[in-house]
Amino acid sequence: MSDAIQSIRGFSDILPDETPCWHWVESVFRQELIRYGYQEIRLPVVEKTALFKRAIGEVTDIVEKEMYTFDDRNGDSLTLRPEGTAGCLRAALQQGLLHNAQPRLWYAGPMFRHERPQKGRYRQFHQIGAEAFGLPGPDLDAELIALTRRILINGLGIQNLRLEINNLGNSESRGRYRAALIQYLEQHHDTLDAEAQRRLYTNPLRILDSKNPAVQAIIKDAPDLHDYLDEADGAHFAGLQAHLQAAGVEFVINPRLVRGLDYYGGTVFEWISDNLGAQGTVLAGGRYDALVEMIGGKPTPAIGFAAGVERLVALVTDAGHAPATETPHCTLVIGTPDYAVQATGLAESIRSALPWLRLQLVTGGGSMKAQLRRADRSGAQLALILGEAEVANESVTVKSLRAEQGQVTITQQDLIQDLSERFAQPTDERRLRDGV
Ligand code: HAM
């Protein structure tokens, strides 16, 4: 094993006992996004580096130190997408989707950031995100947040989640606040850590996010962003709160909630779990009304969010909500290789008659004992045995692999009825939940 090639650090394999939970999480998102009028868009994993530099901001952690950037064979600088908003917006503009329309789009897939891996933080991770273009009002912001509440709490049943909201102001009010914040932090320059000193003139709002207790102590008395919001910002924020209350969405206002990407202005929000340790944000987003113009389009208001699928799967699994692994319901075992052809025919006719049934054929020969051992290891409930006597009189022996119920021999004609009674066809709701 020592010279076997291993996966890259921070890039995970998602194993068969985990994939049913992934399917379930993805299907809950998909169902609710569709109900709220969002349509799926599938986007490239690689974009031009310039797109992310312009959209996310040159002085952000992502662009400064986390992007997987490389020159392709033509010498063009390309980057594995670190997030989905920039590419979604690029596609909407390029494909004319914003022309006299207010599209609502969603996407899912892997994202890449060269961060220090730890629990809940990976270098390849998966997001499900949504973006709504063309509408400026707080009613849209509240609807989007209500949608995320429906997914996380009603759909996935996640508990102990807190919704934090904030308003970062428009670019003028944020500019005034930025100047006041710099002036305040300059007075404490020597107590700031190297990271905060570096950001002081480039991205001071991010200092509010510092995890360093010494910096936090300084921030405690920093000017309050909300004192710098103008009337329109204040009205928008009050409107958001009124709409959230009407929708029955509980929230906490966190005036220090800034976001790691530069494109945000106005409403921002995060859903945070206390059950995940340091990487507790499971879904986050906000408005980015200035970005469309920055990328080369006409001024177009926009808001969106993205959820971290690894973190949601971890929460759902820890809470015991993960659907069962999709082991076969039954396996078909043959007495000797002479019956392999009949077994193939029988298996296919059962699969045609019962489309939801998971039937595995124990192929590869071996003694009956060895085959039954393989059937048992597959996790199946039942073994269907096709031996000499069964082939002769067109019957099958049905043996329980899990319960001490002995075995019965029934005709192949009755088998379909028997299996459909043992393994009921899943309802739509169960199919959604268990991905069957
Ligand atoms: P973000 O806050 O960078 O926002 O990421 C959104 C979510 O992705 C995070 O809350 C977290 O759950 C997950 N996530 C981020 N980095 C990692 C990582 N290294 N490992 C595991 N999970 C991670 C955005 O990406 C914005 N594009 C969201 C958005 C859409 N805003 C407007 N529209």
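When a ligand or atom number is given, it counts from 1 through the structure's own listing order. Bear in mind that the values here come from a model prediction, so they are computed numbers and not experimental data. Basis for what follows: all heavy atoms, side chains included, without hydrogens, waters or symmetry-related copies.
The nearest heavy-atom contact from the protein to atom 12 (O) of ligand 1 is Thr281 O, 2.8 Å. For atom 5 (O) of ligand 1, the closest non-hydrogen atom on the protein side is Gln127 NE2, 3.2 Å. Scanning all protein heavy atoms for the shortest distance to atom 23 (C) of ligand 1 gives Phe125 CD1, 3.4 Å. The single protein non-hydrogen atom nearest to atom 13 (C) of ligand 1 is Gly308 CA, 3.6 Å, given as residue, atom name and distance. Regarding atom 4 (O) of ligand 1, its nearest protein heavy-atom neighbour is Arg259 NH2, 3.0 Å. In terms of protein heavy atoms, atom 20 (N) of ligand 1 is closest to Tyr122 N, 3.0 Å. In terms of protein heavy-atom proximity, atom 19 (N) of ligand 1 is closest to Glu115 OE2, 2.7 Å.
In this structure, Phe11 and Tyr68 have perpendicular ring planes: the angle between them is above 60°, well past the 30° mark. Ring-plane geometry between His329 and Phe423 is classed as tilted, the angle between the planes lying from 30 to 60 degrees on a 0 to 90 degree scale.
For His126 and Trp22, the gap between ring centers is short of 6.0 Å.
Atom 26 (C) of ligand 1 has its nearest heavy-atom neighbour, among Tyr263, Phe112, Tyr107, Phe305, in Tyr263. By heavy-atom distance, the residue among Pro82, Gly87, Ala284, Ala306 lying nearest atom 7 (C) of ligand 1 is Ala306.
Shown are Arg90, Arg81, Arg54; of these, the salt bridge (Lys or Arg N to Asp or Glu O under 4.0 Å) with Glu47 is made only by Arg90. Of the candidates Val268, Thr267, Asn167, Arg287 forms a side chain to side chain contact (heavy atoms under 4.5 Å, CB included) with just one, namely Thr267.
Of the heavy atoms in Val282, only backbone atoms (N, CA, C, O) come closer than 4.0 Å to ligand 1. Counting heavy atoms closer than 4.0 Å to ligand 1, residue Glu310 contributes nothing at all. At a 4.0 Å heavy-atom cut-off, ligand 1 touches Arg121 through backbone and side chain alike. Under 4.0 angstrom from ligand 1, the non-hydrogen atoms of Glu131 all belong to its side chain.
Contact atoms of ligand 1 toward Tyr264: 26 (C), 28 (C), 29 (C), 31 (N), 32 (C) (distance under 4.0 Å to a heavy atom of the residue). Those atoms of ligand 1 that come under 4.0 Å of a heavy atom in Gly285, given as number and element, are 31 (N). For ligand 1, the atoms lying closer than 4.0 Å to a non-hydrogen atom of Thr85 are 26 (C), 27 (N), 29 (C), 30 (C), 31 (N), 32 (C), 33 (N). Close contacts of ligand 1 with Gly120, meaning ligand atoms under 4.0 Å from a residue heavy atom, involve 20 (N), 21 (C), 22 (N). For ligand 1 and Glu83, the ligand atoms under 4.0 Å from any heavy atom of the residue are 25 (O), 26 (C), 27 (N).
Ion pairing between Arg162 and Glu164 holds under the 4.0 Å rule for side-chain N and carboxylate O. A salt bridge links Arg198 to Glu64: one of the charged nitrogens lies within less than 4.0 Å of a carboxylate oxygen.
With rounding to the nearest 0.5 angstrom, the CD1 atom of Ile416 is 6.0 Å from the OG atom of Ser349.
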- Message: For a salt bridge (Lys or Arg N to Asp or Glu O under 4.0 Å) check, start with the C-alpha distance between Arg199 and Glu195, then their side-chain angles and the critical distance, and finish with the verdict.
- Response: CA-CA 6 Å; Arg199 283 176 161 159; Glu195 177 91 353; 3.5 Å; yes
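Inter-residue side-chain proximity for Ile158 and Leu312 is flagged as met; some heavy-atom pair is nearer than 4.5 Å. Side-chain atoms of Ile295 and Leu51, non-hydrogen and from C-beta on, do get closer than 4.5 Å to each other.
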